[in-house]
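Following: one structure in structure tokens, then a few remarks.
Letters A, B, ... are given to chains in the order of the sequence lines, protein chains preceding strands, and every chain is numbered from 1.
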There are 2 protein chains.
Amino acid sequence: MTKPAAPPRRSDATKAAILDAARDRFAADGYERATIRAIARDANIDPSMVMRYYGNKEGLFVAASAIDLRLPELGALPGKHVGAVLVGHFLDRWEGDGVLTAMLRVGVTNEAGAERMRAVFAEQIGAVTAGVCPVPGEASRRAALVASQILGMALTRYVLRFGPAVEMSRDEVIAWLAPTVQRYLTAETP
Amino acid sequence: MTKPAAPPRRSDATKAAILDAARDRFAADGYERATIRAIARDANIDPSMVMRYYGNKEGLFVAASAIDLRLPELGALPGKHVGAVLVGHFLDRWEGDGVLTAMLRVGVTNEAGAERMRAVFAEQIGAVTAGVCPVPGEASRRAALVASQILGMALTRYVLRFGPAVEMSRDEVIAWLAPTVQRYLTAETP
DNA sequence: AATGTAGGCCAACGAGCGTTGACATGCCAG
DNA sequence: CTGGCATGTCAACGCTCGTTGGCCTACATT
């Protein structure tokens, strides 16, 4: 049993509204400037409700940033296209909602957020690289290289909003980044 | 005359101490959590002195992040090694002092900081790409691609401190990233 | 119908922030 | 010696924040 019998509570809707508002605010403002008062206002409830359900601001952040990158199984597809698939997946994931932007914004200014990012990327990208990396002991290093390029594009495109990075189409981004990621994943150590 | 006769003031040392402390704090904490009071304490003066010399917090940040990437003239060296030279230069620049880390931290959470980063990278990297990019109208896009990889590595290595990214040596980082940057700069459009 | 409890609001707290203006001290020109 | 300006300190302001505890309401169980 993964769920130990969950009776649907009347407050579930409220909790979800708080989480939605929190994700938006954290993504837009980062940890410090995203205030509990503003989040509560967005969710149309009192700030004290946030405390009741999530304990404190950090608890709210932890709950709001439970992240699953939802990386696809790459073992099944031709190894040559792993880079393109991975880049495309991340673009979709990043544009889907504000969770990843929030994680990036908070990870930069908050140590707990940074720790969260380290864990998410090490585990989830690491799992992928372990399957395709030609050098067994180097999977985590390859994962870091892939993360550097993907997070760098996310940073310039979705956070800093460099004009040229924003104006590139999805296909153009994939065309440029896929060979880079492919090389980081599958090339021999230089 | 670039300097209209500057008599050395006794307060120059204090101003410099404030700027040093500000850079450290902005780099370590980001814009919101770097307080004027803490900066003043580091510089061993009263917070009101910061206001006197820099007007307000944003003025202090602007003064503390007057950035010159000091990119070398790349025209003189063989085109094949432009990528490696550029990556190496940025690693030096990033490890030299906290200015770039501060700029990155602040740029992520503060719109004025983001604007500053856009300007710095567009002008200074753009100037380099304009000289080596094979497609005339694409220099700014190439600059954005280069920035995405370089900022991504800076993010994972110096801000988020991913284990594997931190443990790589300078030469290893260059060996992996140089071909990427080289391709972004000089390859034909894919 | 009575009652316990979960859901929600309101007012207030203590702390820290950026910022201000009045006041003390030292230096140099006249 | 004296005045004025640069340098620096001190105490306070108004504000916003995270957080707390008391109180009200409505539903579900008995």
Side-chain angles (χ1 to χ4, degrees), chain A residues 4-65 102 105-106 109-113, chain B residues 4-65 102 105-106 109-113:
Chain A
R9 306 223 173 251
R10 199 156 43 91
S11 61
D12 288 348
T14 301
K15 288 185 186 175
I18 294 175
L19 279 191
D20 278 352
R23 277 190 266 263
D24 286 349
R25 284 285 173 178
F26 282 134
D29 298 336
Y31 188 81
E32 325 294 336
R33 295 199 325 194
T35 67
I36 287 190
R37 288 166 139 98
I39 290 168
R41 205 178 314 126
D42 288 355
N44 283 313
I45 47 92
D46 189 86
S48 64
M49 297 303 296
V50 177
M51 309 302 296
R52 187 193 287 277
Y53 290 133
Y54 298 101
N56 54 29
K57 188 176 181 178
E58 184 162 332
L60 173 62
F61 169 67
V62 170
S65 58
R105 273 220 160 84
V106 176
T109 48
N110 183 272
E111 176 51 29
Chain B
R9 306 221 173 255
R10 197 158 45 93
S11 61
D12 288 348
T14 301
K15 288 185 186 175
I18 294 175
L19 279 190
D20 278 352
R23 275 190 266 264
D24 287 349
R25 282 286 174 177
F26 281 134
D29 298 336
Y31 188 81
E32 326 292 336
R33 296 199 323 193
T35 69
I36 287 190
R37 288 166 137 95
I39 291 167
R41 205 178 313 126
D42 289 356
N44 283 313
I45 46 92
D46 190 87
S48 64
M49 296 304 293
V50 178
M51 311 302 296
R52 187 193 290 276
Y53 289 132
Y54 297 102
N56 54 30
K57 188 176 182 178
E58 184 161 333
L60 173 62
F61 169 67
V62 170
S65 59
R105 275 218 160 85
V106 175
T109 47
N110 182 274
E111 176 51 27

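Relative to the ring axis of A:Tyr31, A:Lys57 places its NZ or CZ within 45° and under 6.0 Å from the centre.
Summarising the geometry of B:Arg23 relative to B:Ala63, their closest heavy-atom pair is NH1-O, 4.3 Å, with the distance given to 0.1 Å. In this structure, A:Ala40 and A:Val50 approach most closely via the heavy-atom pair CB-CG2, 4.3 Å. Pairing each heavy atom of A:Asn56 with each of A:Gly59, the nearest pair is OD1-N, 2.9 Å.
In this structure, the CE atom of A:Met51 is 16 Å from the C1' atom of C:dA11, given to the nearest Å. What separates CD1 of A:Ile45 from P of C:dC9 is a distance of 7 Å, to the nearest Å. The separation between A:Tyr53 atom OH and C:dG8 atom C1' is 8 Å, rounded to whole Å.
Without hydrogens or angle criteria, A:Tyr54 side chain to A:Ala64 main chain gives no donor-acceptor distance under 3.5 Å. For B:Arg105 (side chain) and B:Ala27 (main-chain N/O), a donor-acceptor pair under 3.5 Å exists by modelled atom type.
Each of A:Ser48 and B:Ser48 lies near DNA chain D, and the nucleotide nearest B:Ser48 is the one positioned closer to the 5' end. Taking for each of A:Glu58 and B:Asn44 the nucleotide of DNA chain D with the nearest heavy atom, the 5'-most of the two is the partner of B:Asn44.
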Short heteroatom pairs, N/O only, protein and nucleotides 14-17 of chain C, under 3.5 Å:
none

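Between chain B and DNA chain D, the heavy-atom contact criterion of under 4.0 Å yields a 5' to 3' nucleotide range of D:dT7 to D:dA12.
The residue B:Thr14 sits close only to the backbone: its heavy atoms come under 4.0 Å of sugar-phosphate atoms, none of a base.
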Going through the checks in order, is the side chain to side chain contact (heavy atoms under 4.5 Å, CB included) test met by A:Asp42 and A:Asp24? CA-CA 9 Å; A:Asp42 288 355; A:Asp24 286 349; 5.6 Å; no
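Partner B:Arg25 forms a side-chain contact (heavy atoms from CB on, under 4.5 Å) with one of B:Asp20, B:Ile36, B:Ile39, B:Thr35 and no other, that one being B:Ile39.
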